[in-house]
Undergrad: 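Pasting a structure below so you can have a look.
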Amino acid sequence: MTIALQSYVYIFWSSTNMINYNLLLVAFWVFGGFHAVKYIFIMFSSHRHDDLKEMLDSNKDSLKLEAMKRIVAMIARGKNASDLFPAVVKNVACKNIEVKKLVYVYLVRYAEEQQDLALLSISTFQRGLKDPNQLIRASALRVLSSIRVTIIVPIMMLAIKEAASDMSPYVRKTAAHAIPKLYSLDPEQKDQLIEVIEKLLADKTTLVAGSVVMAFEEVCPERIDLIHKNYRKLCNLLIDVEEWGQVVIINMLTRYARTQFLNPNINGGSGDKTFYGSDEDEDEDEEEKEKKPYVMDPDHRLLLRNTKPLLQSRNAAVVMAVAQLYFHLAPKAEVGVIAKALVRLLRSHSEVQYVVLQNVATMSIKRRGMFEPYLKSFYIRSTDPTQIKVLKLEVLTNLANETNISTILREFQTYIKSMDKDFVAATIQAIGRCATNISEVRDTCLNGLVQLLSNRDELVVAESVVVIKKLLQMQPEKHSDIIKHMAKLTDNIQVPMARASILWLIGEYCEHVPKIAPDVLRKMAKSFTNEEDIVKLQIINLAAKLYLTNSKQTKLLTQYVLNLAKYDQNYDIRDRARFIRQLIVPTEKSGALSKYAKKLFLALKPAPVLESPFKDRDHFQLGSLSHLLNAKAGGYQELPDWPEAAPDPSVRNVEVKESVRAVGTVTHRDTGALWGPQRMEGSESCSFPRSDSASGSESSSGSEESGSGSESEESKEASESEEEEEEEEEEQKKKKKKDLKKPKIKFDSLGESSEEEERKHQRKSKPRKSESESESDEDEESESESSQSESEDSESEAEVKKKKKVQTRVNYRESAQQQGASKTIIRFKKAGFSFLSNAHRSLGVFLQTIAPSSALKSYELLHRITGEGLSVEYCFSRQPFSPDANMVAVQMQFTNSASSDTKNLHIEDVKLQSGMRVKEFPEIELLPAGETATAVMGIDFCDSTQAANFQLKFFVSIQPPVGELMRPVFLTENEFKKEQGQLMGMNEITEKLTLDVKCRNEHAIVQRVTTAANLSRVPCGSDKECRFAGRTVTSGSLVLVTVATKEEGAAQLTVNCEKMVIGTMLVKDILQALTQ
Amino acid sequence: MIHSLFLINASGDIFLEKHWKSVVSRSVCDYFFEAQERATEPENVPPVIPTPHHYLISVLRHHIYFVAVIQSEVPPLFVIEFLHRVVDTFQDYFGVCTEAAIKDNVVVVYELLEEMLDNGFPLATESNILKELIKPPTILRTMVNTITGSTNVGEQLPTGQLSVVPWRRTGVKYTNNEAYFDVVEEIDAIIDKSGSTITAEIQGVIDACVKLTGMPDLTLSFMNPRLLDDVSFHPCVRFKRWEAERILSFIPPDGNFRLLSYHVSSQNLVAIPVYVKHNITFREGSSQGRFDLTLGPKQTMGKAVESVLVSSQLPRGVLNANLNPSQGTYTFDPVTKLLTWDVGKINPQKLPSLKGTMSLQAGASKPDENPTINIQFKIQQMAISGLKVNRLDMYGEKYKPFKGIKYMTKAGKFQICPYNTPFTGFSLTVLTNQIHVFR
């Protein structure tokens, strides 16, 4: 049997390659005997899809999974699996995650074809949208929006709108992703979608930023006005956005900047002109009359500064995006920084090189000086693919100038010997271009090329001929030798283009070679019929020119050629022949034109300009597909020209919500400061003025708005911090601002009275806080800010005191840093965390601190690094948990040591053993940076030490020591003895022990036991015995502990408990407590 | 953004397709095949091919073309970089990225592609997050999965995606905590016949394999950081810290990753560790050519030069080569005309040489191309730029990790070109003489 089966297996395996060998064997093992046979036959029954259907209908997940895997494999190979749709969709709510995922894959692939059936699945996703877990909500939205079925557009719209205001940034990100999907499904939704985009653009998390800008670019790239308010925020967030989002944002901001700022090269560029050699910026000259000095908009500067560090990204697309931004937006003197980064990309994959070189080629025309130091990086290696070689050649040619031409020509000379003929041809072209551009080397090049005419390779010769022809046009009289030489080549060269070029040359300069030209024509006439079309045309051309200059010798030949051409198969040639005959051969009917024939044919022709195919390509945004193809691709957004006058910069000012102000002020410097999680490191030392977060909020946020209503000052401030040198007037304005009426703020939770100074502090601390600290960053920022702080000296002293006072109350650990805090500038990494949101309303509730007694041991729930700045400690407060007496009260202390606020702290996704219950603490809507909050939750552990797992932004778990599972009860000695008597035998556990040296008095024993377990002491007559009693929290079973001491530290521990497990564990814990 | 992806093997079969938006017929690949035919070499297929309705952007890795179909404007590098990231991920998952590996793991591949792009826009490309979502297949796991019916899709939800340290997965635990860093430098050089350097530069990378529990915060400092001319970082590296102190400070991803790549520019003097003496001549009229090549070490700081491999594309006219290596073995492929000589280790006392004759096609004229010689080699325990790691410190966790650092130098694109510089170049006198001859 076994052998037979195995052979089946092999047969089937070899006959279909769909099946996984392992799986078959395993199926064989698992199902064994008859089942295996059946299974195998099911799999291979003649209706290949019936078996799959059957497997999908089965209730075994493993069969379903296998079926789905095979279906997905079919899809991957492009096979049609659409007839399985009903069978598959049924499984959309399958419990198994992998099956579910594969069903999604299938659904998204075929929903478009099976619209009606696809609707069956919708309700599952709608349910998913309501799930408490953010990741499930997100994935439901993702699949729902990927189903391209028009009927569900309204559902999708609703889901997107809802998700856009979800509290989880991840869900909001998914909403942003869904927008373009819906838009492509139904463009009529555009207006509504724009509203959602507008909303999401205001989002302040890095997670959302990239995705929403992507949606913006796909749906409404023309609505540049939506960006204004978010511009600074986007600039500041940029460095933290994931790589792909960075690319999209940078490209979009490039366009934005071109519409909003002035051309930085308008009059500042003249100084650089010499430096950059051949740079010519058209706009430069025409604007010279303008006298007004150019001052860069601070927002413009902000963009440049914040993108610069991204040149060091590992992602080539990001580097390219920054490079194009600098190329299009930066003042000339600053563009140079991108060269090094671009050159670095040349060491990447050849496809990357290809794209980068195209862009470098374009840039090198405008800004040659930038790449000159990297000339050698463009040297060609024999191992480069041809397309890369040709592009490098292009760049080298663009970079050639008087000083480096000799090196470059030497390089070219080696290239000519390459075996790659296409490349050799391109090199010869390049030499030609160098020769036309740099007159000093023209003769050298020409001679070099002539030398190549004796090359053995025909292609080389042909290409040389073509190039020489172009060069000769510049100064033919000097080079009749070469023309003669080339005339001789007609016998050997077969490449049509080369032959045509030679013929044209001879015709054009027939006066320089009067003897040879007619002879060449004679030979050509002979071979006319066998020539290629372009050669034929040139033969006719030559004949005509010779007829006009030397009709004596060539009249008959010309007639002969024209006659041949008259009957040629190609109509162009017939036309040309007819036209030329009319023009040059005088007949009685010949028109007015024939007397001008000479002028027509022998006019002096301008020498061709050999220019780069990359010239003027920079009217396309660099790095774009359109630039690469040199043709407008669908969806390409034109890069606008600089405006004549700058549009109102105040549109970018943001209404003065606290947080946003932080954005405005902070900005700069530090965007670069932190790459990645630096903020975490800084966070330990973060010290925020307590006042803010604790403050009574509502009132303050309201007053805040009125308080700093003058938004323009806001922006000034922003600008000022970066360009400290300028503007004293700003200073004055700032003063004025300070004098504005200060808002009145209450510190209710701290109970501090609001006095004048307080308010000042409050007011002042905001910009300060926004410039948030982090000493550990060893920022040089402090100096940059010092100017600002100096101006505020008078106030700051008072403030510092205040701050200290306030903060000491808050957080001891941080007090050490207070000293620094006043002068250290606190900088925000993340712009957008609002200090003030309505969240404060509920905050007060939680801030009521339950002072933890020192005896209570606290445990770490979430480490600050794991928790990204949020650390949570918990202890068992041993106080009755009022909402539910059967629960153990767990007191949690949240410390936000990140530099940003944490919002919406709550428990979700609770995973418990059966019977266990959790009473969550009310959500902490906002935990400002540097703050600590406490909350109490209740857990019914069901009298077991099983851990309660749940999610608190991160997965955490609480495992109680057994001693915390009980609460003290008061018993008299008699009661104790009575109860003890009932809990004998199995319920009694006795251990002998030797007490720790320090633990031989009664007091110590009591203390240690009560620390280990939540028990109360039972009065006892004997001083040799200590008794304790308690009840388990859930079931109320009695727990009785007796410690009887004997001589020299010997002791006996007895635990009586109905629950033996608890008893055993308790003995262990108490033993440990007493012996150590 | 990216509409569809087609995977095409060397023989032109589309063996995998994936669509993120409406299905694009695979006939769109015909334009690609056309371009492929036009290109003589596989690597010469243009990376961007416009077609009437779509644009095809492709990369070639491991003899597989990854062809992305896009419909509207998108930065081409964006797509190219993404495709390379896909290949890297496959390689990371399956060890190799071959057609067979992809076909064997087609479901995992599909799941990966599904997670990496949403509606054509990259979603999760960090290997740590992906691994949390989809476990890489191992033989053991495949067996266990098939028996128990469990899945290789992570049960956990991708919490990493929500984190501010998206590159590191959460809850990492190891019994042995270790962090290894490999400093690998490649020399790219073009050297002329006389041995003088035309261009030379060093590309270096620091690849790390970090297996540390929890959330370690590492700092890596160098003895001579100023050497590094141009660097690009893994996103985990704190840029500002580098700017200010030239210290790499980072919370590492779990597992293998490239921490840093750097460049030591040609402006600095680059030590060239080997020299080559070669003499390859063909005589006019004779059907024999002479081949003579000797290798020797130079500036290796006493370290041995290993795994030396010399290859050269001989001119087309060469029929066969009859050579005699003093060590190692050589092969000559008469079809591709590729000569390779596997030298092995260079013994400074007895320099390896390869001498002999080449037979040319009878009657053919003297080949005018001179072959370039490519050399590969390895030197262990040395970074040719002299870069040295000073120390590695860990913060944020309490245990003591095991730390290791390794240096290696390799030849990158190391070419000996057959000419001397400066060239006689376009000498006018020679030319005018020639022209006289034509008269």
Undergrad: Between atom CZ of F239(B) and atom CG of L311(A), what is the distance when rounded to the nearest 0.5 Å?
TA: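 Atom-to-atom, F239(B):CZ and L311(A):CG are 8.5 Å apart.
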Undergrad: Is there side-chain contact between H349(A) and V59(B), with at least one heavy-atom pair below 4.5 Å?
TA: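 No, every pair of side-chain atoms sits at 4.5 Å or beyond.
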Undergrad: Kindly say whether P235(B) contributes a backbone atom to a donor-acceptor pair with the side chain of R314(A) at under 3.5 angstrom?
TA: no
Undergrad: side-chain hydrogen bond (donor to acceptor under 3.5 Å, both in side chains), that's the test. Do Q415(B) and S382(A) meet it? Break it down for me.
TA: CA-CA 8 Å; Q415(B) 279 186 4; S382(A) 61; 2.9 Å; yes
Undergrad: To the nearest 0.5 Å, tell me how far Q312(A) CD sits from L260(B) CG.
TA: 9.5 Å
Undergrad: Between D230(B) and R344(A), does any side-chain N to carboxylate O distance fall below 4.0 Å?
TA: yes
Undergrad: Does any non-hydrogen side-chain atom of V107(B) lie less than 4.5 Å from one of L102(A)?
TA: yes
Undergrad: Can you tell me how far the OG atom of S232(B) sits from the CG atom of L345(A), to the nearest 0.5 Å?
TA: 8.5 Å
Undergrad: Is L16(B) in contact with chain A via its backbone, its side chain, both, or neither, using a 4.5 Å heavy-atom distance?
TA: both
Undergrad: What part of V45(B) is in contact with chain A, defined as an atom under 4.5 angstrom from a non-hydrogen atom: side chain, backbone, both or neither?
TA: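 Answer is backbone: N, CA, C or O of V45(B) sit under 4.5 Å from chain A.
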Undergrad: Side chain from CB out, backbone as N, CA, C, O: work out which of these in F82(B) comes under 4.5 Å of a heavy atom of chain A, or both, or neither.
TA: both
Undergrad: Look at E243(A) together with R85(B) and state whether they make a salt bridge at an N to O cut-off of under 4.0 Å.
TA: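 A salt bridge links E243(A) with R85(B).
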Undergrad: Who wins among T383(A), V343(A), V319(A) for the most heavy-atom pairs under 4.5 Å with chain B?
TA: T383(A)
Undergrad: Please confirm whether W244(A) and F78(B) have ring centers closer than 6.0 angstrom.
TA: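 Yes, the ring centres sit under 6.0 Å apart.
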Undergrad: Below 4.5 Å, heavy-atom pairs only: which of K103(B), R26(B), E397(B), K21(B) has the largest tally toward chain A?
TA: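 Looking at each of K103(B), R26(B), E397(B), K21(B) in turn, K21(B) comes out on top.
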Undergrad: Using a 3.5 Å distance criterion without hydrogens, assess whether the side chain of E73(B) forms a donor-acceptor pair with backbone atoms of A633(A).
TA: no
Undergrad: Dump the intermediate steps for salt bridge (charged side-chain N to carboxylate O under 4.0 Å, His left out) on E115(B) and R142(A), then the final yes or no.
TA: CA-CA 11 Å; E115(B) 292 297 340; R142(A) 192 178 155 202; 3.5 Å; yes
Undergrad: Measuring heavy-atom distances to chain A, does I70(B) have an atom under 4.5 Å in its side chain, in its backbone, in both, or in neither?
TA: side chain
Undergrad: Measure distances from P42(B) to the heavy atoms of chain A and classify the residue's part below 4.5 Å as side chain, backbone, both or neither.
TA: neither
Undergrad: Select one option (side chain, backbone, both, neither) describing which atoms of Q203(B) are under 4.5 Å from chain A's heavy atoms.
TA: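 When you check distances to chain A, only side chain atoms of Q203(B) fall under 4.5 Å.
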Undergrad: Taking M320(A), Q324(A), R381(A), E113(A) one by one, which has the highest count of heavy-atom pairs under 4.5 Å against chain B?
TA: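 Max contact count across the listed options: R381(A).
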Undergrad: Should the pair R347(A)-D188(B) be classified as a salt bridge under the 4.0 Å nitrogen-to-oxygen rule?
TA: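 Result for this pair is no, no salt bridge flagged.
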Undergrad: Can you tell me which portion of F15(B) sits under 4.5 Å from chain A's heavy atoms? Options are side chain, backbone, both or neither.
TA: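 Contact with chain A involves the backbone of F15(B) alone.
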Undergrad: Nearest 0.5 Å, please: how far is OG1 in T174(A) from CG in D118(B)?
TA: 7.5 Å
Undergrad: Contact part of W20(B) toward chain A, heavy-atom cut-off under 4.5 Å: side chain, backbone, both or neither?
TA: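 Only the backbone of W20(B) comes within 4.5 Å of chain A.
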Undergrad: Between chain B and each of L629(A), N251(A), V318(A), count heavy-atom pairs under 4.5 Å; write down the option with the most.
TA: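 Among the listed options, the one with the most contacts to chain B is L629(A).
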Undergrad: Using a cut-off of under 4.5 Å for heavy-atom pairs, which of R61(B), E41(B), Q71(B) has the most such pairs with chain A?
TA: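 Top option by heavy-atom pairs under 4.5 Å: R61(B).
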Undergrad: For S22(B), which atoms come within 4.5 Å of any heavy atom of chain A: side chain, backbone, both, or neither?
TA: both
Undergrad: Should E351(A) and H84(B) be marked as a side-chain hydrogen bond (donor to acceptor under 3.5 Å, both in side chains) after you check the CA-CA gap, both sets of side-chain angles, and the distance that decides it?
TA: CA-CA 10 Å; E351(A) 295 87 3; H84(B) 281 298; 3.0 Å; yes
Undergrad: If we only count heavy atoms from C-beta on, is the H19(B) to R109(A) side-chain gap below 4.5 Å?
TA: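 Yes, their side chains come closer than 4.5 Å.
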Undergrad: Measuring from Y110(B):OH to K69(A):NZ, what's the distance to the nearest 0.5 Å?
TA: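 NZ of K69(A) is found 16.0 Å from OH of Y110(B).
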Undergrad: So which of E243(B), K18(B), M1(B) has the biggest tally of heavy-atom pairs under 4.5 Å with chain A?
TA: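 If we count pairs closer than 4.5 Å to chain A, M1(B) comes out on top.
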